[in-house]
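I have placed the structure first, in the form of structure tokens, so that the comments after it can refer back to it.
In what follows, chains carry the letters A, B, and so on, assigned in the order in which the sequence lines appear, proteins first and then strands, with residues in each chain numbered from 1.
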There are 2 protein chains.
Amino acid sequence: MPTTAQGDTDVGTPTRILDAAERIVQARGFNAFSYGDVAVELGITTAALHYHYPRKAELGRALITRYTSRFAARLKALDDASGSAQAKLDGYVGIYAQVLAQGKMCLCGMLAAEYLTLSESMQTAVREFFEHNEIWLGQVLEQGKADGSMRFTGEVEDIAKMIISGLEGAMLVSMAYGSVERFMKVAASLLASLH
Amino acid sequence: MPTTAQGDTDVGTPTRILDAAERIVQARGFNAFSYGDVAVELGITTAALHYHYPRKAELGRALITRYTSRFAARLKALDDASGSAQAKLDGYVGIYAQVLAQGKMCLCGMLAAEYLTLSESMQTAVREFFEHNEIWLGQVLEQGKADGSMRFTGEVEDIAKMIISGLEGAMLVSMAYGSVERFMKVAASLLASLH
DNA sequence: GTCTATACAGCGATAGAC
DNA sequence: GTCTATCGCTGTATAGAC
């Protein structure tokens, strides 16, 4: 029997920990983030946090896997809802813009900068995020190429890498300006060559 | 009378501090970097470091200003040596590739990720780096447009922002793969649309 | 599952001798 | 200009009571 009644949003402590940690890490980075930050926000002690995530690297790993699976769900939603390849790409850019509008980096973009300081487990999970995105972008590009709506020279894989790199970089630089507009302009220039 | 004899390379302690700190920050980030790291490498104590740079934020600021002025010197060298706009752009990409080949991020790209944790003085200096680069890139693009070697739609400023964002992002993601090849492929795709 | 208490290491920074 | 010594704080992590 679950401890939450019907109608409850069922946010257990582990979820609340991940929510707070995710936001802090996306804004300030994994190395500038501490158990203390989360503890204060949740009104519990750091000892309680360690009960759920004994080591910081394990918390970090959980952060990435949840982020990646949520991201995958949004990409699937784009597949289901959007007809054209262009609409899917626009939706993809929109996901990034939403994150930036909250003053945050992409979690895995942030972690890529700190890559050399991460545990092996976190490093692997970060790479998997990028690879998953590249595969999805590749499929969208193939679709656009097949139906004639997109034109590009070079391998689909390389264009996919360019798009994700370009968007991550646009987020990165835009962090220094707190400007979603800047991000949107760069994204538009980036994708303009595909028309 | 200088304390260094003729023929000495004249690397004082402040320079050696900046050299070590710069490399560590570019590889691991400002928040994962400590006075202790530099002290061990230079064989002096952290107290000696504080004599030269009393506060970490001041060391950070010095790091950025030196990096930016060195970068400016390299851009000027490209202006002096390269005739075509395309050659200048290739040289620009080459600078980034050289850094990445040493397992490092662009200093200011790294600091952009940590932006919200930096002192105001460092934040300002980071933005100045990007603005300086955008101006230079804008001039190159104008040159390419004027002599007919480059074609693009949209504002020159936006294309310049796209190029620096794209290259920074390519470095960022490539950090997770330790792959200069990946970076070069993305850079090529990024600039292909200008031909 | 959360608490108090604590261990222990590392950090930035300072005082004062040399 | 560099040292020894030290301070105060923060960080991750653990033990054991409740």
Side-chain angles (χ1 to χ4, degrees), chain A residues 1-5 8-25 27-64 110-111 114 116-122, chain B residues 1-5 8-22 24-25 27-64 111 114 116-122:
Chain A
M1 166 167 63
T3 54
T4 51
D8 271 23
T9 27
D10 190 17
V11 242
T13 304
T15 296
R16 297 180 64 219
I17 293 171
L18 292 183
D19 289 345
E22 185 181 81
R23 184 168 27 75
I24 298 168
V25 172
R28 303 171 49 87
F30 193 71
N31 290 322
F33 143 86
S34 75
Y35 273 63
D37 297 331
V38 177
V40 166
E41 187 167 320
L42 265 58
I44 58 177
T45 63
T46 59
L49 294 186
H50 279 282
Y51 170 80
H52 298 282
Y53 299 98
R55 321 195 129 264
K56 197 185 179 189
E58 294 169 28
L59 170 55
R61 167 81 188 194
L63 235 33
I64 306 170
M110 179 64 83
L111 295 177
E114 302 176 291
L116 296 179
T117 72
L118 303 180
S119 68
E120 210 178 297
S121 170
M122 288 182 67
Chain B
M1 168 168 57
T3 55
T4 51
D8 271 23
T9 27
D10 190 18
V11 243
T13 303
T15 297
R16 296 181 65 218
I17 293 171
L18 292 183
D19 288 345
E22 184 181 81
I24 298 168
V25 173
R28 303 171 50 85
F30 192 71
N31 290 322
F33 144 85
S34 75
Y35 273 63
D37 296 332
V38 177
V40 165
E41 186 167 319
L42 266 58
I44 59 177
T45 64
T46 59
L49 295 186
H50 278 282
Y51 169 80
H52 297 282
Y53 299 98
R55 321 195 129 264
K56 197 185 179 189
E58 294 169 27
L59 170 54
R61 167 80 188 196
L63 235 34
I64 306 170
L111 295 178
E114 302 176 290
L116 295 179
T117 71
L118 304 180
S119 69
E120 210 178 300
S121 170
M122 288 183 67

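Contacts of B:E58 classified as side-chain hydrogen bond (donor to acceptor under 3.5 Å, both in side chains), with partners at least two apart in sequence or in another chain: none. A:R23 is linked by a salt bridge (charged side-chain N to carboxylate O under 4.0 Å, His left out) to A:E41, counting only residues two or more places apart in sequence or in another chain. A search for side-chain hydrogen bond (donor to acceptor under 3.5 Å, both in side chains) contacts involving A:R61 returns A:S121, not counting sequence neighbours.
Sequence neighbours left out, the pairs with a member in residues 13-22 of chain B that pass side-chain hydrogen bond (donor to acceptor under 3.5 Å, both in side chains) are B:D19-B:R66. Residue pairs satisfying the side-chain hydrogen bond (donor to acceptor under 3.5 Å, both in side chains) criterion with at least one member in residues 43-54 of chain A, sequence neighbours excluded, are absent.
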At under 4.0 Å between heavy atoms, how does the protein contact nucleotides 1-14 of chain C? Give one character per nucleotide, 5' to 3', with B, S or -.
BBBB------SSBB
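Computed from coordinates, the B:N31 CG to D:dT10 P distance equals 16 Å when rounded to whole Å. Atom P of nucleotide D:dT4 and atom CG of B:L49 are separated by 13 Å, given to the nearest angstrom.
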